[in-house]
Engineer: 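Below you will find the structure I want to go over with you.
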Amino acid sequence: MKILVTGGAGFIGSNFIRYLLNHHPAHTIINIDKLTYAGNLDNLKDVEGNHRYFFVRGDIADSECVTKIIDDGVDAIVNFAAESHVDRSIEDAGIFLKTNVLGTQVLLEAGRRKGIKRFIQVSTDEVYGSLGPEGSFTEDSPLKPNSPYAASKTAADLLVRAYYKTFGFPGIITRCSNNYGPYQFPEKLIPLFITNALAQEPLPLYGDGLNIRDWIQVEDHCRAIDLILHQGAIGEIYNIGGGAEKTNLELTRIILKKLNRPETLIRYVKDRPGHDRRYAIDPGKLKRELGWKPLYTFERGIEETIRWYGENRWWWEKIKSGEYREYYQRMYGKR
Ligand code: NAD
Ligand code: TYD
């Protein structure tokens with residue numbers, strides 16, 4: 001099977017490529033990535049020499065580039081490529097629409113014309129909006145996105161649905177909760193707080209710190225996507241969640257405790273506008289229909305993740321110091 005992975009130089013995409021190469025010896029993978037600030041070929045250093053892995057620097061919104069790759073023969077597409085950070089979407093939503101919505105449409109159209117067999121849209125629980133203290137999102141929950149990021153992901157999901165309904169296009173949508181693990185860009189809560197704590201720098205907690213997220217270790221997410229790619233039903237939506245709800249404050253305290261750092265490092269800062277209060281995923285459908293369940297407990301996942309950032313300062317110190325950005329500008333020209 002020849003699989004086009006988009007955004008494979010990012011956090012989840014790179015973990016997914018590694019997972020596929022390790023678990024499917026007959027698969028070939030093409031990774032198309034624009035290498036934005038969040039795309040990092042260091043994430044794939046250990047697989048770059050693999051003869052079943054190919055990298056193309058390209059934009060999913062560039063129809064010519066995408067069509068050329070797909071016309072060369074691709075069986076399936078797994079679409080991770082996206083602008084993925086809520087705070088950035090609040091500052092400037094334009095690029096979120098271009099990549100997340102138009103980019104997805106370009107992939108759908110090129111895939112449809114060529115008759116690809118499967119298309120996995122890697123979406124998010126944020127399309128459902130925010131929950132009160134009780135209940136969890138099912139695949140039938142109403143779509144009520146609250147940030148420009150979430151709105152752009154929702155629009156992309158609706159395009160996948162429309163291509164399925166209109167053309168019988170073989171699209172499947174996955175909606176996962178918050179991921180954590182190795183190679184996550186240190187602007188997201190967990191890697192930001194671990195690396196700040198390691199460097200004895202303050203941890204900026206938004207609002208009252210009582211917003212709740214439902215955490216999943218990235219490999220559990222990758223295993224779910226792999227299962228859905230091979231066995232999921234066309235036209236379906238699958239929620240994926242780790243079942244580990246924590247307030248941001250609880251999580252911050254866990255990180256500080258495990259790193260033996262004082263709680264005086266916590267800084268309460270101005271809240272994020274439109275900040276969703278709680279996410280919680282009901283992954284029952286994926287469990288029932290495809291037999292998936294998370295293998296990581298939160299305790300084990302967070303411990304291994306903290307250890308990984310402690311042992312891989314080479315990876316994040318250059319990102320945080322800006323050396324990394326200069327490196328890519330030198331290597332690949334301006335973004
Ligand atoms: P990330 O920001 O770490 O990686 C995104 C990757 O996409 C980067 O490598 C970037 O260079 C690439 N990219 C961006 N624009 C592109 C374009 N126009 N063309 C080609 N490549 C482009 O994001 P992530 O956390 O790995 O998330 C991956 C996907 O999973 C996203 O679609 C996101 O919405 C979804 N998701 C993420 C989470 C999470 O907790 N991180 C949870 C659920 C769903
Ligand atoms: P984030 O990692 O940005 O993921 P998302 O917004 O997609 O859920 O944020 C996770 C939670 O942590 C969210 O409630 C916002 C909060 N947060 C902070 O309190 N401080 C921070 O510096 C960041 C980045 C996030």
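Remember, it's 1-based here, ligands and their atoms both numbered in the order they're listed.
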Engineer: Within the 4.0 Å heavy-atom shell around Lys153, which atoms of ligand 1 are there?
Structural biologist: 31 (C), 32 (O), 33 (C), 34 (O)
Engineer: Suppose we screen for salt bridge (Lys or Arg N to Asp or Glu O under 4.0 Å). Which residues come up paired with Lys258, at least two apart in sequence or across chains?
Structural biologist: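 With sequence neighbours excluded, Lys258 shows a salt bridge (Lys or Arg N to Asp or Glu O under 4.0 Å) to Glu299, Glu303, given in chain and number order.
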Engineer: Please list, in number order, the atoms of ligand 1 under 4.0 Å from a heavy atom of Tyr149.
Structural biologist: 33 (C), 34 (O)
Engineer: Taking heavy atoms and a distance under 4.0 Å, where does His85 meet ligand 1: side chain, backbone, both or neither?
Structural biologist: neither
Engineer: At a 4.0 angstrom heavy-atom cut-off, what protein residues surround ligand 2?
Structural biologist: His85, Val86, Glu126, Asn178, Glu187, Lys188, Leu189, Leu192, Phe193, Pro204, Leu205, Tyr206, Asn211, Arg213, Asn248, Arg272, His275, Tyr279
Engineer: Does any N or O of ligand 1 fall below 3.5 Å from an N or O anywhere on Thr124, backbone included?
Structural biologist: no
Engineer: Give the numbers and elements of all ligand 1 atoms closer than 4.0 Å to a heavy atom of Ser123.
Structural biologist: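 Matching atoms, with element in brackets: 43 (C), 44 (C).
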Engineer: Counting both backbone and side chain atoms, is some N or O of His221 under 3.5 Å from an N or O of ligand 1?
Structural biologist: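 For ligand 1, there is no N or O atom that lies under 3.5 Å from one belonging to His221.
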Engineer: Ignoring angles and geometry beyond distance, decide whether Asp59 reaches within less than 3.5 Å of ligand 1 through its nitrogen or oxygen atoms.
Structural biologist: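 In this structure, Asp59 places an N or O atom under 3.5 Å from an N or O of ligand 1.
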Engineer: Filter on side chain to side chain donor-acceptor pair (under 3.5 Å), then keep only pairs touching residues 222-235, sequence neighbours left out; what's left?
Structural biologist: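 Found His24-Asp226, His27-His230, Asp220-Arg223, Asp226-His230.
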Engineer: Under 4.0 Å from any heavy atom of Asn178, which atoms of ligand 1 are there?
Structural biologist: 40 (O)
Engineer: Using a 4.0 Å cut-off to any heavy atom of Ala82, which atoms of ligand 1 qualify?
Structural biologist: 5 (C), 7 (O), 14 (C), 31 (C), 32 (O)
Engineer: May I ask you to check if ligand 1 and Gly10 share an N or O to N or O distance below 3.5 Å?
Structural biologist: yes
Engineer: Is there a nitrogen or oxygen of Asp33 sitting under 3.5 Å from a nitrogen or oxygen of ligand 1?
Structural biologist: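 Such a contact does occur with ligand 1.
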Engineer: Using heavy atoms and a 4.0 Å limit, tell me yes or no: is Gly58 in contact with ligand 1?
Structural biologist: yes
Engineer: Does Ile32, backbone or side chain, put an N or O under 3.5 Å from an N or O of ligand 1?
Structural biologist: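 Between Ile32 and ligand 1 (N or O atoms, distance only) the closest approach is not under 3.5 Å.
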Engineer: Checking the N or O distance criterion of under 3.5 Å, is ligand 1 in contact with Asn40?
Structural biologist: no
Engineer: Tell me, which protein residue and heavy-atom name are nearest atom 40 (O) of ligand 1, and how many Å apart are they?
Structural biologist: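 So the nearest neighbour among protein heavy atoms is Asn179 N, 2.9 Å.
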Engineer: Do Arg213 and Tyr180 have a side chain donor and acceptor closer than 3.5 Å?
Structural biologist: no
Engineer: Between Asn196 and Lys320, do the side chains contain a donor N or O and an acceptor N or O under 3.5 Å apart?
Structural biologist: yes
Engineer: Which ligand 1 atoms does Ser177 reach within 4.0 Å, using its non-hydrogen atoms?
Structural biologist: 42 (C), 43 (C)
Engineer: So which protein heavy atom does atom 15 (N) of ligand 1 come closest to, and at what separation?
Structural biologist: Thr99 CG2, 3.5 Å
Engineer: What residues join Val269 in its hydrophobic cluster, counting side-chain heavy atom gaps under 4.5 Å, either direct or through other members?
Structural biologist: Tyr206
Engineer: With a cutoff of 4.0 Å, is Val122 in contact with ligand 1, counting heavy atoms of the residue only?
Structural biologist: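 The answer is yes: ligand 1 sits under 4.0 Å from a heavy atom of Val122.
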Engineer: Which protein non-hydrogen atom lies closest to atom 27 (O) of ligand 1, naming both residue and atom, and how far is it?
Structural biologist: Ile12 CD1, 3.8 Å
Engineer: Considering only non-hydrogen protein atoms, determine which one is nearest to atom 6 (C) of ligand 1 and report residue, atom name and distance to 0.1 Å.
Structural biologist: Gly7 O, 3.7 Å
Engineer: Kindly confirm or rule out an N or O of Ile60 lying under 3.5 angstrom from an N or O of ligand 1.
Structural biologist: yes
Engineer: Nearest protein heavy-atom contact for atom 43 (C) of ligand 1: which residue, which atom, what distance?
Structural biologist: Cys176 O, 3.4 Å
Engineer: Heavy atom under 4.0 Å from ligand 1: found in Leu35's side chain, backbone, both, or neither?
Structural biologist: backbone
Engineer: For Asn260, look at atom CG and say whether over 12 heavy atoms of other residues, nucleotides or ligands are found less than 6.0 Å away.
Structural biologist: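 12 or below, so no.
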Engineer: Looking at Phe11, is Lys188 sitting on its ring face, NZ or CZ under 6.0 Å from the six-membered ring centre and within 45 degrees of the normal?
Structural biologist: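 Negative - Lys188 is either too far from the ring of Phe11 or too far off its axis.
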Engineer: Can you see whether Tyr279 engages Glu126 through a side-chain donor-acceptor pair at a distance of less than 3.5 angstrom?
Structural biologist: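 Short answer, yes.
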Engineer: With no hydrogens and no angle check, just 3.5 Å: does a side-chain donor-acceptor pair link Thr138 and Asp282?
Structural biologist: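 Short answer, no.
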Engineer: Which residue holds the protein heavy atom closest to atom 3 (O) of ligand 1, what is that atom called, and what is the gap in Å?
Structural biologist: Phe11 N, 3.0 Å
Engineer: Linking I/L/V/M/F/W/Y whenever any side-chain heavy atoms sit under 4.5 Å apart, do Phe16 and Trp292 land together?
Structural biologist: yes
Engineer: Suppose we measure from atom 2 (O) of ligand 1 to each protein heavy atom; which comes out shortest, and what is that distance?
Structural biologist: Ser84 OG, 2.7 Å
Engineer: Among all protein heavy atoms in this structure, tell me which lies nearest to atom 31 (C) of ligand 1, with the distance rounded to 0.1 Å.
Structural biologist: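 I find the closest protein heavy atom is Phe80 O, 3.2 Å.
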